[in-house]
Protein chains: 2
Amino acid sequence: MKALKIPEATIVRLSVYSRFLEQVDKKGIVTISSGEIAEGVGVSPAQVRKDLAYFGEFGTRGVGYNVKDLLRHTLKILGLNARWPAVVVGAGNLGSALVSYRGFRERGFDIVGVFDNDLTKIGKRLMELEVMATEKIEQIVKQHNVKIGILTVPASSAKDAANLLINAGVKAILNFAPIVLSVPADVEVRDIDLSTRLEILTFHLCLKEMM
Amino acid sequence: MKALKIPEATIVRLSVYSRFLEQVDKKGIVTISSGEIAEGVGVSPAQVRKDLAYFGEFGTRGVGYNVKDLLRHTLKILGLNARWPAVVVGAGNLGSALVSYRGFRERGFDIVGVFDNDLTKIGKRLMELEVMATEKIEQIVKQHNVKIGILTVPASSAKDAANLLINAGVKAILNFAPIVLSVPADVEVRDIDLSTRLEILTFHLCLKEMM
DNA sequence: CTCACATCGTGATATAATTAACATTTAGGA
DNA sequence: TCCTAAATGTTAATTATATCACGATGTGAG
Ligand SMILES: NC(=O)c1ccc[n+]([C@@H]2O[C@H](COP(=O)([O-])OP(=O)(O)OC[C@H]3O[C@@H](n4cnc5c(N)ncnc54)[C@H](O)[C@@H]3O)[C@@H](O)[C@H]2O)c1
Ligand SMILES: NC(=O)c1ccc[n+]([C@@H]2O[C@H](COP(=O)([O-])OP(=O)(O)OC[C@H]3O[C@@H](n4cnc5c(N)ncnc54)[C@H](O)[C@@H]3O)[C@@H](O)[C@H]2O)c1
């Protein structure tokens, strides 16, 4: 790794490359070129090489990349050579769906706790977990050394819930509430704003309408 | 509207401004400056003005923006002066959560159909809707003139399900399956890749670890 | 009425990201 | 062994986005 200023888009693509390489590897393919990766994930070959070049030289000129090697490297870069315990706060519709999702486990994420403050939800089973009161957040986070929290509470509760997570020691939050969280500098937040994503679509539909 | 090349980031921010303005308007505030908007949503004042400037002059120099006016304009730009019927394909964990979400309706989206190909799911009630067989997609899409499809099927079915939507006349797809869809040029696709979002977090956690 | 102030709109500037170009390196065959 | 073809890694050019700086314009006090 040479630089410290990596575009976020590069990380996103790296994640996609890595998942694509898993499929390729499963097919038993040994070697792959930047062009084939590009083809598979819908970007340019130059982009693939550039993205990888931020982190080292993983290929062989004239040949391409060894699939298993490159897969291992991309996973390593993303931190997926280790497993990541995570917790979900808000056991509503969305939180429940996330807890039930097997795909996270396959990528290295283990949901080790689900929390809610609604008495009718506490105690409910979700997969192998039982919904716990938010008072238990700190205990579980410390016990499993959880660094990642997933926020699926209503916007009005998001700030408070985020603080519970941060006070417990969580350093990264995936926030689904449509609100801007302000957090200490050492905490990473990424928002997933589904309404906004739909609105990108309506914007483009309108643009085209006018032409 | 003057230009045709609007950064996607601008659209995303516009959506956020618009939601912020709704809150501000609810508080009865009449006028707001770019600085106050910036403060509220976590960007720079210049960014706010630049974003708005792509679409016209909505403010008054020395004064700021009229909240109601600007809200109306931002909604209009995003196409939210009309309602948008939409359908969900895949009535699993995530699809069910989306159908049950009230926030979409508040922003102008009406889910008018949920589809699945699993017989045990078909006929199940989700809010005021009943899960339908995918054979009904075309009928419902045409009947309601649906332009937006939300894809929440497994990756292995995503391509097929997307084709059903496109053949029925859908022009925009919000895709949750972790796969790259290839679609005709007149169809807009945006992916929501939750694993990737988590991996952005692990990447940053690792970066910090090393310092 | 004029001035001081606040704040917008925008052209200029700086920064960032993508694309393109190419020199370099490897594999493999004549 | 040498030559060709393929595909990388990297530098340069281009394009896109964000920031800055400031002229223009409206408000309200004196
Ligand atoms: N469901 C969706 O499809 C969807 C779509 C877009 C955005 N979102 C956003 O995701 C979030 C969750 O949505 P949802 O549909 O699951 O809502 P929901 O109402 O089904 O679930 C929210 C859960 O959070 C719990 N909660 C409330 N305050 C809490 C607190 N302080 N601590 C712990 N738990 C608390 C509630 O008891 C409830 O169980 C919301 O912010 C929503 O705006 C959801
Ligand atoms: N649930 C999550 O939290 C989550 C997180 C990240 C990504 N995703 C992605 O979202 C998608 C849905 O996830 P999920 O957890 O809801 O899965 P799920 O298995 O609960 O639901 C998928 C549904 O799609 C239906 N289906 C399958 N093939 C179909 C077809 N051809 N036509 C119509 N319906 C079909 C299935 O019967 C099932 O009901 C998947 O692609 C998954 O990778 C989900």
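Naming: A, B, ... by sequence-line order, numbering from 1 per chain. Just so we're clear, the structure is a prediction, and the values are computed from it rather than from any experiment.
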(Q) With a sphere of 6.0 Å drawn around NZ of K68(B), does it hold more than 12 non-hydrogen atoms of other residues, nucleotides or ligands? (A)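 Not more than 12 within 6.0 Å, no.
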>> Centre-to-centre under 6.0 Å for F104(B) and Y101(B), is that the case here?
In response: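 Aromatic pair counts; centres sit under 6.0 Å.
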TODO: Give the angle between the helix axes at the two ends of the helix from dC1(C)-dG30(D) to dA30(C)-dT1(D), taking five base pairs at each end and rounding to 10°.
DONE: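 Roughly 10°, once rounded to the nearest ten degrees.
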Over all strands shown, is T10(A) touching base, sugar-phosphate only, or nothing at heavy-atom distances under 4.0 angstrom?
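If one applies the 4.0 Å heavy-atom cut-off, T10(A) turns out to touch nothing in the nucleic acid.
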Exercise for the section: Heavy atoms only: give me the nearest R83(A)-D110(A) pair and the separation to one decimal. Expected result: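 Answer, listing the atom of R83(A) first, then D110(A): NE-OD2, 2.8 Å.
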Could you tell me whether the side chain of K50(B) has a donor or acceptor atom within less than 3.5 Å of a complementary atom in the base of dT19(D)?
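Flag set: donor-acceptor pair detected.
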Would you call K26(B)-E22(B) a salt bridge at under 4.0 Å N-O?
->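 Salt bridge between K26(B) and E22(B), a charged N being under 4.0 Å from a carboxylate O: no.
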Listing time: all N or O pairs from protein to nucleotides 23-30 of chain C that are below 3.5 Å?
unit_1: dT24(C); atom_1: O2; unit_2: R61(A); atom_2: NH1; d: 3.3
unit_1: dT26(C); atom_1: O4'; unit_2: R61(A); atom_2: O; d: 3.4

Side chain of [X], heavy atoms from C-beta onward: which of [options] has the nearest atom to it?
X      : options                   : answer
R49(A) : dT17(D), dT18(C), dG9(D)  : dG9(D)
K5(A)  : dA12(D), dG11(C), dA16(C) : dA16(C)
E57(A) : dG11(C), dT19(C), dG9(D)  : dG9(D)
S33(A) : dT10(C), dA7(D), dA18(D)  : dA7(D)

- Task: Pull out every residue in residues 38-46 of chain B that has a heavy atom closer than 4.0 Å to any atom of DNA chain D, ordered by number, or say none.
- Result: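 Residues of residues 38-46 of chain B that come under 4.0 Å of DNA chain D are, in numerical order, S44(B), A46(B).
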